[in-house]
2 protein chains.
Amino acid sequence: MSDVIELNTSACSGFHALSDPLRLQIIDLLRQQELCVCDLCDRLEVRQSKLSFHLKTLKEAGLLRSRQEGKWSYYSLNLPEIARLEQYLSNLKQATPRPSRSCSED
Amino acid sequence: MSDVIELNTSACSGFHALSDPLRLQIIDLLRQQELCVCDLCDRLEVRQSKLSFHLKTLKEAGLLRSRQEGKWSYYSLNLPEIARLEQYLSNLKQATPRPSRSCSED
DNA sequence: TAGTCAAATCAAAAAAAGTTGTTTTGTCAA
DNA sequence: TTGACAAAACAACTTTTTTTGATTTGACTA
């Protein structure tokens, strides 16, 4: 039961992280390769502080990893977490359906 | 290209709809059977107007269907749309990765 | 060390999302 | 019809999220 709540909380913040167009663009760019913040800035044409905010959101939701190399920070997808969200959605389909009942029946 | 934008917009609002704990609870209840608003109200112990707001959010994102029967409204999952979001996540994994490159290389 | 650059952090403002209580709409039944 | 009930819509308010411009931090190098 506590597991369900855990799962819900994590799914919730994961989906929230995916609910912004810029963040989806970031993820799309990172599909192909790890990128550093300045590269992302160039490609997305957004201010650095704005990007930083969204990268933080994605990272805190567990969707991105980052590593530092000198003065650069590189971000990449954290595929296992993405797979977990995928699994969450997949589970919704496999529920044992009960027959629908009429609201007046009780 | 326009397709990508379409997909992104729809994915965005889908994920947004999934980014609230109450809405995830609603979805969880509907996994098993279609329910009417008053049933959902009882089980979730929330005001009707609040529930109505969240049902609308979910429906506008395409995640729920509804039908009216007399004075009752019944809501159910729209599985194909959920599957579409699942597919979106699944696609993220299958990208052809390019070797990561150093930021100073240009 | 002083200067430069990448990136994170912060505070203030703006925008968006969610809540609440009330009203409206539509359907049914007396 | 009229009254009762389910659900949607609304307006005012609260809370959360996002944006912006500026400052700070940390690492490199001249």
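Lettering follows sequence order; numbering is per chain, from 1.
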Participant: Would you mind reporting whether A/Leu18 and B/Leu18 have side-chain heavy atoms less than 4.5 Å apart?
Facilitator: no
Participant: Identify, with sequence neighbours excluded, every residue that meets side-chain contact (heavy atoms from CB on, under 4.5 Å) alongside B/Glu69.
Facilitator: A/Ser102, B/Arg67, B/Tyr74
Participant: Can you list everything that forms a side-chain contact (heavy atoms from CB on, under 4.5 Å) with A/Lys71? Sequence neighbours excluded, please.
Facilitator: none
Participant: A/Leu79: what forms a side-chain contact (heavy atoms from CB on, under 4.5 Å) with it, not counting sequence neighbours?
Facilitator: A/Leu77, A/Ile82, B/Lys93
Participant: CG of B/Leu35 versus C1' of D/dA7: gap in Å, rounded?
Facilitator: 15 Å
Participant: Keeping to residues at least two apart or across chains, list the side chain to side chain donor-acceptor pair (under 3.5 Å) pairs with something in residues 12-25 of chain A.
Facilitator: A/Arg23-A/His54
Participant: Can you check each nucleotide of nucleotides 14-26 of chain C against protein heavy atoms at under 4.0 Å and return B for base, S for sugar-phosphate only, - for none, in 5' to 3' order?
Facilitator: ---SBBBBB----
Participant: Return no unless some side-chain N or O of B/Tyr74 is found under 4.0 Å from OP1 or OP2 of D/dA6.
Facilitator: no
Participant: Think B/Tyr75 has a side-chain N or O under 4.0 angstrom from the OP1 or OP2 of D/dA8?
Facilitator: yes
Participant: Return the nearest nucleotide to the side chain of A/Lys56; candidates are D/dA8, C/dA6, C/dT9.
Facilitator: C/dT9
Participant: Under the side-chain contact (heavy atoms from CB on, under 4.5 Å) test, which residues partner A/Gln87, sequence neighbours left out?
Facilitator: A/Ser90, A/Asn91
Participant: A/Leu18 has an atom CG; how far is it from atom P of D/dT17, in whole Å?
Facilitator: 15 Å
Participant: Whole angstroms only, please: what is the CG-P distance between A/Leu51 and D/dT18?
Facilitator: 14 Å
Participant: Tell me: CD of A/Glu69 to P of D/dA27, nearest whole Å?
Facilitator: 14 Å
Participant: Using whole Å, what does the distance between atom P of nucleotide D/dT19 and atom CD of A/Glu45 come to?
Facilitator: 16 Å
Participant: Among A/Leu58, A/Leu64, A/Ile27, A/Leu29, find the residue that satisfies the side-chain contact (heavy atoms from CB on, under 4.5 Å) test when tested with A/Tyr75.
Facilitator: A/Leu64
Participant: Measure CG/B/Leu40 against P/D/dA6 and give the value in whole Å, please.
Facilitator: 14 Å
Participant: Over how many whole Å does the gap from A/Leu55 atom CG to D/dT19 atom C1' extend?
Facilitator: 15 Å
Participant: Side chain of B/Ser52 only, heavy atoms from C-beta on: which candidate in D/dA6, D/dA8, C/dT9 is closest?
Facilitator: D/dA8
